[in-house]
Every structure is written in structure tokens, then in C-alpha cells.
Amino acid sequence: MAALELFNTLSGKVEALQPMGAPALRMYACGPTVYDYGHIGNFRTFLHVDVLRRFLRQQGVAVEHVMNVTDVDDKIIRNALAAGKPIAEYTTRFERAFFEDMEALGIERPEHTPRATEHIPEMVSLIERLAAKDIAYQTEDGSWYFRIARFAGYGKLSKKDLEGIEDGARVDADEYEKDAARDFALWKAVKIGADGVSEPSWQTALGAGRPGWHIECSAMATALLGESFDLHAGGEDLMFPHHENEIAQSESASGHPFARHWMHVRFLLVEGKKMAKSEGNFYTLRDLLLKGHRASAIRYLLLSVPYRHQMNFTFDGLAAATHTIERLRTFHRRMLRGGFATDGVNAAVSAATAKAAGDFTAALANDLNTAEATAAISEMVRAANSAADAGTLTAENAEAVLRVLALFDEIFAVLEDRDEERTRAALAWAEAEGRIREAAPELVAKLALGDSEIEALIAERTQAKNSRNFARADAIRVDLAAKGIVLEDSKDGVRWKRK
RNA sequence: GGCGCGGUACCCAAGUGGUAAGGGAGAGGUCUGCAAAACCUUUAUGCGCCGGUUCGAUCCCGGCCCGCGCCUCCA
């Protein structure tokens, strides 16, 4: 296997990532807080983690991947209250939507996707272990905090020193009583709202309350992967304080190193600006599908810039990604269609194929350089198309090309065209939610035309062409094009596709 | 203020101490009844600016300008 060299935030260096002490590589990635639909920024992170796990498996490394679902937190409580629903009902809906979106984007499901609310006992016992060492302490309101001063390594991940943190930090006004400003909550005592209704809470040995944000990841990672494991990943914003606090809690309790390797995916910009509702450039996956953009193009675009670079998501870029995928799929179909010479091989294509496979793997092994990986494939595509045009591509070449495409698609997963199915699902969802007006009108019209109607029109056009009635033939083609159907005449008949 | 990242053609973007991958877009051409698809040619003497090191720098060092991120339970 090619060793994967991956940047490690903890060491600040690119280092080999390999499983230690277990047959599988154990990794934990911070998952969604299910309080709303996932946006493209969320998915950029999950997509790159997906590439990581797919590449590891391609290289023969088994993966045991945990992604938590945060189903209790302040935003959930606030939104569920506003919606007048119990939090479980509220989160179930968004959790389901999240996994549907993962599926639409071709993101593999991790081996474990634990919910925070199902691991409260583990969190409580972790806090108890900290309390026994006087690292966790209870304040007058019943909440529990972590005593940062007791963890010497605090700041080692985000490269912050405690002084700097305290100087620069704003202190949350309602978090009084703490011993030090940056001590963070492990357990939040139950609060009674102004209306006398209490927030969701669990009655535990720590008192009635709910978990702090960081403790769930420490508890679930430890429960499922052990006290020490190989890799922990997440968005760059989580580096501090979330991951720093996870390390502090976990290592203070266990006395062992927590995750050896840390991977952080940088944020994206949308049309050059930070994505924010106030900027009007905030997009969920569903928003984009309803505008007629394809799930595969979104996946490809979000992966096209390596994870450690800030990427600028633009609609021009999305159009370019759509064209790139079209080209790859057209090429893939051409290779599958066959009809190539059966004797010998085209040496130039063989060389291009071998080079593409090697470059592709080397690019990904080099800190997951997805941009270089896609470039490796493009060079092969041109060589093979060129030879096929010249009639010098053989069946053996085509098979080799298909093997490289399979290698590519095991990671990028865009060749199989399930876009229409996904768009239809998004439309059905919008319909059910009463949000169909948000869908692009031409999209609805496009999908209204069934395959059999299209094929009938194509048959009519072929007849017209045969009787040299080109005016009629062209009219049909133009009409179909307006509905997003593109025709291609070829020696062996007419091919069509939805654009 | 602290920590960090980036400025490469119209857009996105890779990259190396030895003379600029790839994708999209544009232009011209081949093919086609015309298209589409595909292929060919073409689009940075240049990699933010100024110095320095070097035989040689886009790539190393220093300074400057510009943009951006984190330090706010936002991936």
C-alpha cells in the first residue's frame, strides 16, 4: 500500500497515518448538530473525511470510523422550543435529512454514528473520573466545569498559550462562578425557563442537567474506539476550543494520549465571502438541488480544492464541475461501449494509463491532494479519446482505462449518474414541505418529460432526417434542448442525455 | 492584539531551485446535412511588489502591499 502522508495539526507536520494497536484504523470525526438542514460548508468537511476513508480502504487499510450526531445543545433547545416540539422529535427530522443529504452526496456512512443522548452514562462517568481527581468541580448552580489550570498540555493542538487565551477571550456573562474564565462546562445544571418549563435534562449522579458540548465526543470516542486512537478530524473551527477541550478532558481522565493524529478541514468561501445568512450566500444542499444544480457536481466541486486550502465556492465553479463530470461520464460510456480493435495494445495509451494510475494514487497519498488527483485522470482521458478517434485504441487499452476510472471513482464517486433521482427526491421533499415554490420552474418542467416521450420524439426526428426534412428534425432537436435534452447523432444511432 | 493561511492566465487550480500540470471559458480548425460529442491548435517570457542568496527563484531569506480564517457551542 502507498502510505498516506497527512498533515497532523498536533505536530504541525505532514506525517504517515497508519493504524496502531488494532487491525483497523480508528478514526473519529465530529458530526452534525442536527438543528437545521446541512449546508455546503458542513458537507465540504464530511466530503473530505469521506475521501480520506475511501482512500485508506483503497490502499487496503480497514477503517473504523465514528461520527457523532449531536442531538442536544443550545441551538436545538432554542429551535425546538420555537417550533413547539419535543427535542427528540425535532432532532429526528433533521438527523434523517442529514443522512439523506450524505447519501445524495455519495458520502459513505461511517461504521458508527452514535447519538449524544444515548451516551449520557459514559459522559457522567467520565466527569466523575475527573471530579475524583479534582479536575472537575461543581459550581453553586449545580453545573460542572473543567479546571484548565490542571491540564499542562492545554493549548498544544491550537498552539495557544493560556495567557493569550485569557487575555483575548470574551467572558460569557452568564457563566459566573467559575474558578477561571476559560474553564469550560462539562455538565450544565437544569434551568427553569421564565414560563416555568424546564429545559431537557437527565437525572444523574451529577445532578439534573445536560452535557456540555465537548464531553460527548470524548465519551463516545473513548467508548467506541478506546482511550487512544489514530485520527480525529473536523472543521477548522473545532480546533479551538472544542478539540482542545476534548484532549484536556480525555487525557486528564485516562492519563493516555487521546488521538495521535488530527486533521482539520478549512472553511469555504461562497463567491469570495464567508458564507453567512446575513451575506445572502448561505446554501444548504437542498437549496442548490432545487435550483437545478446536480449533487455530483456539488460533490466534485467541494472536493476539487484540497482540504487544507480555503476554497471559494462559486456558481461559475459549479458550472465548470458539471461540465467536467459530463466529460468524464461521456468518456466512461465510450469506453464501456467497446467496439475497439481486439489485437494488441496502443503503447501510448498503455503508458498514459499506467501513469494516470500512479499519479492518481501518489497525489492522494500526498496529503490528499485531490486537485492533482483529478488532473492525473484528465491526462489519460485525452490520450484515450485521441486514440479512439484515430481508431488505434484496442479493447485491452479500454479495459485498462476502465480500471483506472474505477480507481478514480472509488474515491470521487461521480461516474454513476444518480443526479436525476436525487433532484427528484429534493423536489418531492420540497413538495411535502410546501416549499416547491423555491424550486427553479424550468427544473420542474424538465423533469416532467418522460423517457418514452423523449424517445418517441427522437424516432420522429430520425424519420424526418431520413426523408431529408432537416427543418422538422432540427425543430425537434431545438425543442428538446429547451427542455434540457441533448441529442448526439452517431454512427450507431442517436444518443441522448439530460443536461 | 495573539495564532495561522493565501495572492499563479478570463475563472478555478497543481507545482518545482533550472525555466509554468489540469479543468472550465474564449478563439480558430477537423468531423457532421447542421449540430452535439471528441480531437488538434491557441490564450502567463509570466507565478502580488521590492530587495537579497544563487550560475540560475514562481519555488529559499527579508521587507512591504492586498485578501482571508481562527481566537465567539459556525463544518
Side-chain angles (χ1 to χ4, degrees), chain A residues 12 29-33 35 38-49 70 73-76 155 158-161 163-165 167-170 172 184-185 212-214 233-242 244-245 264-269 272-277 282 300-301 304-306 308-314 316-328 330-331 333-334 359 363 366 369-379 381-390 465 468 470-471 473-474 477-478 481 486-491 494-497 499:
Chain A
C30 290
T33 299
Y35 68 102
H39 56 69
I40 54 176
N42 294 316
F43 290 117
R44 165 145 137 114
T45 299
F46 299 125
L47 243 5
H48 280 279
V49 171
T70 299
D73 97 316
D74 292 348
K75 290 189 296 289
I76 290 172
S158 53
K159 323 290 179 221
K160 293 180 190 302
D161 58 60
E163 319 261 321
I165 294 168
D167 291 348
R170 283 167 232 186
D172 193 344
F184 58 89
W213 174 35
H214 317 294
E236 63 168 328
D237 61 313
L238 298 180
M239 195 167 94
F240 184 88
H242 183 54
E244 201 71 70
N245 291 351
H264 290 98
V265 181
R266 283 206 72 183
F267 270 15
L268 55 70
L269 263 32
K273 289 184 175 161
K274 181 165 170 140
M275 183 172 72
K277 286 179 178 158
F282 183 94
Y300 190 86
L301 178 60
S304 65
V305 177
R308 275 217 286 155
H309 291 278
Q310 185 175 63
M311 87 157 290
N312 185 12
F313 185 99
T314 66
D316 282 352
L318 195 49
T322 305
H323 287 134
T324 300
I325 290 172
E326 241 349 284
R327 173 177 151 86
L328 287 171
T330 301
F331 175 69
R333 286 192 296 266
R334 184 180 198 181
D359 288 354
N366 178 21
N369 191 333
T370 46
E372 232 185 322
T374 57
I377 298 303
S378 294
E379 292 171 48
V381 171
R382 191 165 8 80
N385 262 329
S386 186
D389 279 1
K465 256 187 15 166
R468 304 198 64 81
F470 293 121
D474 290 352
R477 187 171 61 196
V478 168
V486 180
L487 303 190
E488 282 176 34
D489 292 336
S490 81
K491 283 185 282 295
V494 183
R495 289 193 281 271
W496 67 273
K497 63 188 178 189
K499 200 171 166 65

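If you take atom C1' in B/rU19 and the same atom in B/rU58, they sit 10 Å apart, rounded to whole Å. B/rA57 and B/rG46: their C1' atoms are spaced 13 Å apart (whole Å). Remark: the separation of the C1' atoms in B/rC12 and B/rG26 is 16 Å, to the nearest Å. Going from the C1' atom of B/rC10 to that of B/rU42 covers 15 Å, rounded to whole Å.
Nearest nucleotide to the side chain of A/Arg266, out of B/rA25, B/rG22, B/rG69: B/rG69. Among B/rC74, B/rC68, B/rC39, the nucleotide with an atom closest to any side-chain atom of A/Asp389 is B/rC39. Of the candidate nucleotides B/rA75, B/rC39, B/rG15, B/rG15 has the atom lying nearest to any side-chain atom of A/Glu372. The side chain of A/Lys160 has B/rC71 as its nearest neighbour among B/rC71, B/rA75, B/rA38. In the set B/rG33, B/rA14, B/rG23, B/rG33 carries the atom at the smallest distance from any side-chain atom of A/Asp474.
For the OP1/OP2 pair of B/rA75 and a distance below 4.0 Å, the side-chain nitrogens and oxygens of A/Asn42 include at least one atom meeting the criterion. OP1 or OP2 of B/rC74 has at least one side-chain nitrogen or oxygen of A/Lys75 nearer than 4.0 Å.
Side chain of A/Asn369 to backbone of A/Ala363: no donor-acceptor contact under 3.5 angstrom is found. The closest donor-acceptor contact from the side chain of A/Glu244 to the backbone of A/Gly155 lies under 3.5 Å. Between the A/Glu488 side chain and the A/Arg495 main chain, no donor and acceptor come within less than 3.5 Å of each other. A donor-acceptor contact shorter than 3.5 Å is absent between the side chain of A/Arg44 and the backbone of A/Gly235.
Atom OH of A/Tyr300 is separated from atom CG of A/Leu328 by 6.0 Å, given to the nearest 0.5 angstrom. In this structure, CG on A/Asn245 lies 3.5 Å from CZ on A/Phe184, to the nearest 0.5 angstrom.
At a threshold of 4.0 angstrom between heavy atoms, the contacts of A/Leu487 include nucleobase atoms, whether or not backbone atoms are also involved. Nucleic acid contact for A/Val265: none, since no nucleic acid atom lies under 4.0 Å from a heavy atom of the residue. A/Gly41 comes within 4.0 angstrom of a nucleotide base, judged by non-hydrogen atoms across all strands. Nucleic acid contact class of A/Ala375 (heavy atoms, under 4.0 Å, all strands): base. Contacts of A/Arg477 with the nucleic acid, taken as non-hydrogen atoms under 4.0 Å apart, include base atoms. A/His214 comes within 4.0 angstrom of no nucleic acid atom, judged by non-hydrogen atoms across all strands. As judged by a 4.0 angstrom heavy-atom cut-off over every strand, A/Leu268 is placed among the base-contacting residues. No contact: A/Arg308 has no heavy atom under 4.0 Å from any strand.
On a pure distance criterion of 3.5 Å, no polar donor-acceptor pair joins the side chain of A/Asp237 and the base of B/rG69. You won't find any donor-acceptor pair under 3.5 Å spanning the side chain of A/Lys274 and the base of B/rC68, going by distance alone. Contact annotation: side chain of A/Arg44 to base of B/rA75, donor-acceptor pair absent below 3.5 Å.
Between A/Asn369 and A/Thr374, the one whose closest nucleotide on RNA chain B sits nearer the 5' end is A/Asn369. The residue among A/Pro306 and A/Asp489 whose nearest nucleotide of RNA chain B is located toward the 5' end is A/Pro306.
Aromatic stacking of A/Phe470 on B/rG33: satisfied, with centres closer than 5.5 Å and planes within an angle under 30 degrees. We find that the ring of A/Phe267 and the base of B/rA75 stack, their centres lying under 5.5 angstrom apart and their planes tilted less than 30°.
The minimum heavy-atom distance between A/Ala321 and A/Leu301, with the atom names listed, is CB-CB, 4.0 Å.
For NZ of A/Lys273, the number of neighbouring non-hydrogen atoms (other residues, nucleotides, ligands) closer than 6.0 Å is 12 at most.
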Both distances under 3.5 Å, Watson-Crick or G-U wobble: on that basis, could you give the dot-bracket string for RNA chain B, with [ ] for crossing pairs and | for other-strand partners?
-> (((((((..(((.....[...)))((((((.......))))))....(((((..]....))))))))))))....
